[in-house]
Amino acid sequence: YQRRVRGAKVIIHDVETLQMVQTWVCCGPVREVVWSPDSKYIASVSGNKIQLWSMSDSTWRSTIPDTDDGVEQVVFSPCGRYLLLLHEFSLLLTIWSLEFATQMFIKNPKGSLFKFSKSEKYLAVIERSECNDWMVIFDTKSWKLINHFKLPTVDAAGFEWGPSSSEVCVWDHAFEHQLYIYYLDGTLAFTHEVTNPISMGLQVVSWSPSGQYLAVGTHTHTVYILNTSNGKVEEIYCLSNSFYLPLFFSLYLCLSLSLSLSCSLAIPVLCVDTTA
C-alpha cells in the first residue's frame, strides 16, 4: 500500500492498481503517519491527538487520549500491537495497547534511547534520573519489569542489542571513550576504552551476526574489531572518509569477512583509502 495525506485526510492506494482502498478523516491536519510492521494498522498524528486505523476493518478506530505536552516520536512495536509514544522533552514514554486500549508509562526516558531486542522479546530503555543513566528492561509479552540497573556512563549516547538478545552494548558520549556490555541480569560482561586520545568518542557500534565480534567506529574514521568473549581488540581499520563508515560496517558484517587473527601482542592495522 501507499499512503497519501491531504489536510486532515489519510488516503491509502494499492501500489499495483493505484486504486484508492481506504480514506480516513482525522481530527485535524495530519503531520505524521506511521505504519505497523505488518501493514495492518496506521497511526496518524494530528496536533496532540493520535488516532489508530485498521486496514482490514474500516469501522475500527481508536483514539489515544490527548497528550498535553505533545508527542516527539511515534513507533510501533515489532508485533504491531503496541504503539510507543515519546513525549516532548523526553518527559514520558507511553506504551499503548491496540488490543486492550490500555497504557503504561515509563518516566524520564533519555530521548529515543529505547529499542526492542532482536528476538522482540524484550524492550530496553535508558532512563536519566538524578544525573545518572539507568537501564530498564521489560518483557514485551507481559510487560513486567525484568531488570533495572545503574550504568557507569557519564552521559550514555547509544546502545545496541546483541544478536542473541541476551546482552546489550552501551557506549558513552563523544568526550568519553568507553563502552560496556551487560547481560540481562545486570552483570557487566566487559568494558572497553578506546585508547586513542584524539578519537573524539564513539560514533557507531555494530554486532557481527554471530555475536562473536563488535565493530566500533570512532569520529576519527577508525574501526576497532572487538572480540566479545574477552574484550580484546583483534583488528583496527583506518578509513580516510567517514562518509563510507556505515557502508564499511555493512559490507564487513554482511559478508562475514574472515578475520586474520594473530596470537602476538601486535594488533594489525589496515588503512582503507575511500577518497577515490
Side-chain angles (χ1 to χ4, degrees), residues 32 34 43 45 48 50 64 67-78 82-97 103-140 143-163 165-194 199-207 214-219 246:
E32 186 179 2
V34 181
V45 183
N48 292 339
I50 299 173
I64 298 178
T67 55
D68 296 333
D69 51 358
V71 175
E72 190 174 293
Q73 187 177 358
V74 178
V75 181
F76 272 97
S77 65
Y82 296 93
L83 195 66
L84 280 67
L85 313 175
L86 177 63
H87 296 239
E88 287 186 350
F89 310 112
S90 299
L91 298 176
L92 205 63
L93 180 65
T94 300
I95 302 175
W96 175 268
S97 170
Q103 55 188 344
M104 63 172 286
F105 304 100
I106 302 174
K107 294 182 178 179
N108 305 314
K110 193 171 185 181
S112 57
L113 294 185
F114 57 91
K115 292 182 180 179
F116 289 90
S117 63
K118 308 298 183 184
S119 64
E120 304 178 4
K121 293 173 61 177
Y122 306 106
L123 171 69
V125 182
I126 293 184
E127 294 180 341
R128 186 70 175 178
S129 177
E130 299 177 353
C131 299
N132 292 305
D133 293 325
W134 297 79
M135 175 66 73
V136 189
I137 300 176
F138 294 91
D139 183 311
T140 58
W143 291 106
K144 291 183 178 180
L145 180 65
I146 299 297
N147 209 344
H148 184 204
F149 54 91
K150 183 179 177 181
L151 297 172
T153 50
V154 176
D155 186 11
F159 74 93
E160 282 292 338
W161 278 98
S165 300
S166 61
E167 64 280 308
V168 61
C169 176
V170 185
W171 62 93
D172 225 325
H173 69 100
F175 293 104
E176 300 293 331
H177 307 89
Q178 290 87 6
L179 65 80
Y180 310 87
I181 292 185
Y182 282 92
Y183 295 117
L184 293 185
D185 62 1
T187 302
L188 178 64
F190 74 83
T191 180
H192 176 77
E193 180 177 2
V194 176
S199 67
M200 293 296 292
L202 309 183
Q203 183 180 11
V204 61
V205 174
S206 183
W207 291 81
L214 197 65
V216 181
T218 70
H219 288 276

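Numbers here are sequence positions counted from 1.
Counting all heavy atoms, side chain and backbone alike, Ser119 lies closest to Ser165 at N-OG, 2.9 Å. When every heavy atom of Val74 is checked against every heavy atom of Ala43, the shortest pair comes out as CG1-CB, 4.4 Å. Nearest heavy atoms, Gln73 versus Val75: NE2-CG2, 3.5 Å. The two residues Ile137 and Leu184 come nearest to each other via the heavy atoms CD1-CD2, 3.8 Å. When all heavy atoms are compared, the tightest approach of Trp207 to Gly162 is CE2-CA, 3.6 Å. Closest approach of Ala124 and Phe159 over heavy atoms only: O-CZ, 3.5 Å.
By the ring pair (Phe, Tyr, Trp, His ring centres under 6.0 Å) test, Tyr180 pairs with no residue at all, sequence neighbours left out. Here Glu167 pairs with nothing under the salt bridge (Lys or Arg N to Asp or Glu O under 4.0 Å) rule; sequence neighbours left out. Annotation: side-chain contact (heavy atoms from CB on, under 4.5 Å) contacts of Phe105 (sequence neighbours excluded): Leu92, Thr94, Gln103. Remark: Glu120 pairs with Pro78 by the side-chain contact (heavy atoms from CB on, under 4.5 Å) rule, at least two apart or across chains. Residues that satisfy the side-chain hydrogen bond (donor to acceptor under 3.5 Å, both in side chains) test with Thr187, not counting sequence neighbours, are Asp185.
Considering CG of Leu93 and CG of Leu113, their distance stands at 11.0 Å, rounded to 0.5 Å. Taken to the nearest 0.5 Å, the CD1 atom of Ile106 stands 11.5 Å off from the CG atom of Leu85. Separation of atoms CG (Leu202) and NE2 (His173) is listed at 10.5 Å; rounding is to 0.5 Å. Between the CD1 atom in Ile181 and the CH2 atom in Trp171 there is a gap of 11.0 Å [rounded to 0.5 Å]. Atom CD in Glu176 sits 9.5 Å away from atom OG1 in Thr153 (nearest 0.5 Å). Taking OG from Ser112 and CD from Glu72, the interatomic distance works out to 7.5 Å, rounded to the nearest 0.5 Å.
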Show, in sequence, the C-alpha distance, side-chain angles and deciding distance for Ile50 and Leu83, and conclude whether the side-chain contact (heavy atoms from CB on, under 4.5 Å) test is met.
CA-CA 10 Å; Ile50 299 173; Leu83 195 66; 4.0 Å; yes
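Under the side-chain contact (heavy atoms from CB on, under 4.5 Å) test applied with Ile95, the options Thr140, Leu123, Val125 reduce to a single match, Leu123.
At least one side-chain heavy atom of Phe116 sits less than 4.5 Å from a side-chain heavy atom of Leu84. You'll find the side chain of Trp134 reaches within 4.5 Å of the side chain of Ser129, heavy atoms only. With contacts defined as side-chain heavy-atom distances shorter than 4.5 Å, the pair Met135/Ile126 qualifies. You'll find the side chain of Lys118 reaches within 4.5 Å of the side chain of Glu160, heavy atoms only. Between Phe138 and Leu145 the shortest side-chain heavy-atom distance falls below 4.5 Å. Taking 4.5 Å as the limit, some side-chain heavy atom of Leu179 sits within range of a side-chain heavy atom of Leu214.
Using the six-membered ring where Trp is involved, Trp143 and Tyr82 have ring planes that are perpendicular, over 60° apart on the 30 and 60° scheme.
Applying the salt bridge (charged side-chain N to carboxylate O under 4.0 Å, His left out) rule to pairs touching residues 144-156 yields Lys110-Asp155, sequence neighbours excluded.
The 12-atom threshold is exceeded at CZ of Phe149, counting heavy atoms of other residues, nucleotides or ligands nearer than 6.0 Å.
At distances below 3.5 Å, not a single donor-acceptor pair connects side-chain atoms of Asp133 with backbone N or O atoms of Leu151.
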